[in-house]
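These notes are about the structure you will find just below.
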Amino acid sequence: MKDTIFTIIENKLIAKSVYQMTLSGDTTAITASGQFVNIQLDRFYLRRPISVCDCEKDKLTLVYKVVGHGTEQMSRMQTGEKLLILTGLGNGYDTSLSGDKPLLLGGGVGVPPLYLLAKQLIAEGKSVTVILGFNTADEVFFEREFQALGCDVTVATADGSCGKKGFVTDVLPDDYTYFYTCGPLPMLKAVFAKTNTSGQLSFEERMGCGFGACMGCSCKTITGYKRICKDGPVLQKEEILWTD
Amino acid sequence: MDRLSTNLCGIELSNPVIPASGTFGYGYEFAELYDINILGTFSFKGTTKDPRFGNPTPRIAECTAGMINAVGLQNPGVDKVITEELPKLKKVFHKPVMANVSGFSVEDYAYTCEKLDRCDQVGWLEVNVSCPNVHGGGMSFGTDPKMAAEVTKAVKAVTKKPVIVKLSPNVTDIVSIAKACEDAGADGISLINTLLGMRIDLKTKRPVIANKMGGFSGPAILPVALRMVYQVAHAVKIPVVGMGGVSTAEDVIEMMLAGATAVEVGAQNLVDPYASKRIVEALPETMDKYGIGNLREIIGTA
């Protein structure tokens, strides 16, 4: 965990209400895909937790959706502006469990953290299948980016306006060794129910601090209480306890 | 004498800055970032007799210049705190720590305090009669002078350590409650706990917090906290620990001028994990700026 100042290189609209922000700064605290950063914004008391989409030496890429006043303010920020960002938060995905043919399932703004994960899995020589789910065609992003990494990509939209019609769980392949997923809660539940291998799921919760101090984002698991921000956001399929 | 030092109920503090309970865990998250021995002490996560998960999520809501929490005293229970958390803490923190205790009955408070009384690491017992986020306990003890006095007496009977009673601002007359605690033997008073608050999500048209209401904290509450610290400090003879919205060295000095012997820093630790360290480090130059030689001299002089 490190609190450092980043400079915006680019901040652009890539799909309906979805922006891609590239920043330069010290990324050494980021140790795994699936981790997140917590961004301080002028005039807002709490920080905004955003998942890491891509991370290289001194370069951080975030893809975020405008859902409230904070992200709306972020979307108006310009190249050269600075942000104080707490980096290296959360546990992230573990690629060592993936087997040869991992399946990645992303829904909406759950897609971004899977990008760095896919990059790592490809670099490890694995055959990566990616299913990206959105509501409509205008929300679709990163199909080509995942293809460029060498992934087998399927897009599904709920209304059928792009790719296959349906949810990510309607287009599951027959053959995969492990799964990784991130997306809205109903999607995570469906993925949990319909997958036939072990896997890792990334959860979202309203956070106070983002680094394990306030107990604001706790959840119950089979192995005890976990803080989504510190012990998560990625949890193993086997430890998940659906409470509602 | 060090110009930052203060004495809280007979124990020397190298400086008056104390991260508040519930905003600092058991210290380790912060010890990863900086040497937490720079702090006067800290008040660890509110501890109860039995383990508690706390309230359903969402537990957090943002506000202008603050936040609402409804964590609901999540903690592993006093036995695990003593056998697991305190030994881990010992490795990173070498000063007496403040143990924050909550309960659901007078007996609960006494039980938990008696166990913590046997821990050498614990310097003070901060008895929380003001948690707004639990039913049938917490704040209900701190809104009635008789109940607050009863808890204080029960705890004093089982410990030799200084007992600091943490009060709720959600009352009509905080001075009467502070005096009742003093009369019952409290060694100190800390205030204020969070203000009961609420937010409603315009998209869902439902409360943001699952528990509907929660405790409001952050810079927005500083004036309310200062007023109450001032009132209580002028009404009791025992030391007062001031808290509520403190986020800078200036705020610490303001609290001390109002009558605080030491000052707790809460929500600010959550938005800036270095906040308490920054405040300690900024104190000398801030004192210089306002012509303050040492902090002990200014307590309650406003």
Side-chain angles (χ1 to χ4, degrees), chain A residues 1-5 29 31 37-49 66-73 84-90 185 203-221 223-233 241-244, chain B residues 19 21-30 32-34 42 45-46 51-76 133 199 201-203 208-210 214 216-220 245 247 266-275 278:
Chain A
M1 171 160 85
K2 219 174 218 181
D3 203 19
T4 41
I5 292 169
T31 55
V37 300
N38 217 358
I39 306 176
Q40 191 176 82
L41 297 173
D42 285 348
R43 301 188 298 108
F44 290 92
Y45 191 63
L46 296 177
R47 296 185 184 222
R48 265 47 186 179
V66 172
V67 292
H69 298 300
T71 41
E72 198 273 328
Q73 180 170 311
L84 180 63
I85 305 183
L86 200 55
T87 58
L89 304 176
L185 197 59
F203 286 80
E204 197 173 44
E205 188 49 78
R206 266 178 196 268
M207 293 175 186
C209 64
F211 55 90
C214 74
M215 309 290 157
C217 60
S218 299
C219 69
K220 289 178 183 170
T221 72
T223 50
Y225 304 153
K226 300 257 168 138
R227 297 160 293 181
I228 294 295
C229 72
K230 178 86 176 181
D231 311 308
L241 194 63
W242 302 108
T243 48
D244 44 29
Chain B
S21 181
T23 67
F24 215 71
Y26 295 95
Y28 334 123
E29 279 76 22
F30 296 84
E32 278 177 37
L33 292 173
Y34 65 88
F42 75 93
K45 178 73 188 144
R52 284 180 55 82
F53 173 66
N55 292 322
T57 56
R59 298 174 171 181
I60 304 288
E62 189 179 43
C63 309
T64 303
M67 61 181 283
I68 293 173
N69 90 81
V71 170
L73 296 174
Q74 180 178 344
N75 81 95
N133 294 322
R199 291 304 310 263
D201 185 329
L202 295 186
K203 286 180 190 160
V208 173
I209 301 250
F216 179 38
S217 60
S247 50
Q268 197 64 23
N269 293 307
L270 306 179
V271 293
D272 173 10
Y274 292 96
R278 285 190 221 276

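Labels below follow one simple rule: chain letters A, B, ... track the order of the sequence lines, proteins then strands, and each chain is numbered from 1.
Between Met67(B) and Leu270(B), the closest side-chain pair of non-hydrogen atoms falls below 4.5 Å. Between Phe42(B) and Thr23(B), every side-chain heavy-atom pair lies at or beyond the 4.5 Å cut-off. The side-chain heavy atoms of Met1(A) and Leu86(A), taken from C-beta on, include a pair separated by under 4.5 Å. The closest side-chain heavy-atom distance from Arg206(A) to Leu46(A) is not below 4.5 Å. Counting heavy atoms from C-beta outward, Met215(A) and Arg59(B) have side chains that approach closer than 4.5 Å.
Considering only residues two or more places apart in sequence or on other chains, Tyr225(A) meets the side chain to side chain contact (heavy atoms under 4.5 Å, CB included) condition with Lys220(A), Phe53(B), Gln74(B).
Proximity to chain B is absent for every atom of Leu84(A), based on heavy atoms less than 4.5 angstrom apart. For Glu62(B), the parts lying under 4.5 angstrom from a heavy atom of chain A are both the backbone and the side chain. With a 4.5 Å cut-off on non-hydrogen atoms, Tyr274(B) touches chain A through its side chain but not through its backbone. There is no contact between Tyr28(B) and chain A, counting heavy-atom distances below 4.5 Å. Looking at Asn75(B), neither its backbone nor its side chain comes within 4.5 Å of chain A, counting heavy atoms on both sides. Using a 4.5 Å cut-off between heavy atoms, Ala70(B) does not touch chain A at all. Looking at Pro273(B), the atoms closer than 4.5 Å to chain A (heavy atoms on both sides) sit in the backbone and in the side chain alike.
Between Phe211(A) and Phe30(B), the ring planes lie perpendicular to each other; the angle is over 60°, past the 30° to 60° tilted range.
Annotation: maximal heavy-atom pairing with chain B below 4.5 Å, among Cys217(A), Ser218(A), Gly210(A), Gly70(A), occurs at Ser218(A). Comparing Ala220(B), Gly66(B), Pro219(B), Pro76(B) by heavy-atom pairs within less than 4.5 Å of chain A, the highest count is held by Gly66(B). Highest contact tally toward chain A, considering only Gly25(B), Ala267(B), Cys63(B), is held by Ala267(B) [criterion: heavy-atom pairs under 4.5 Å].
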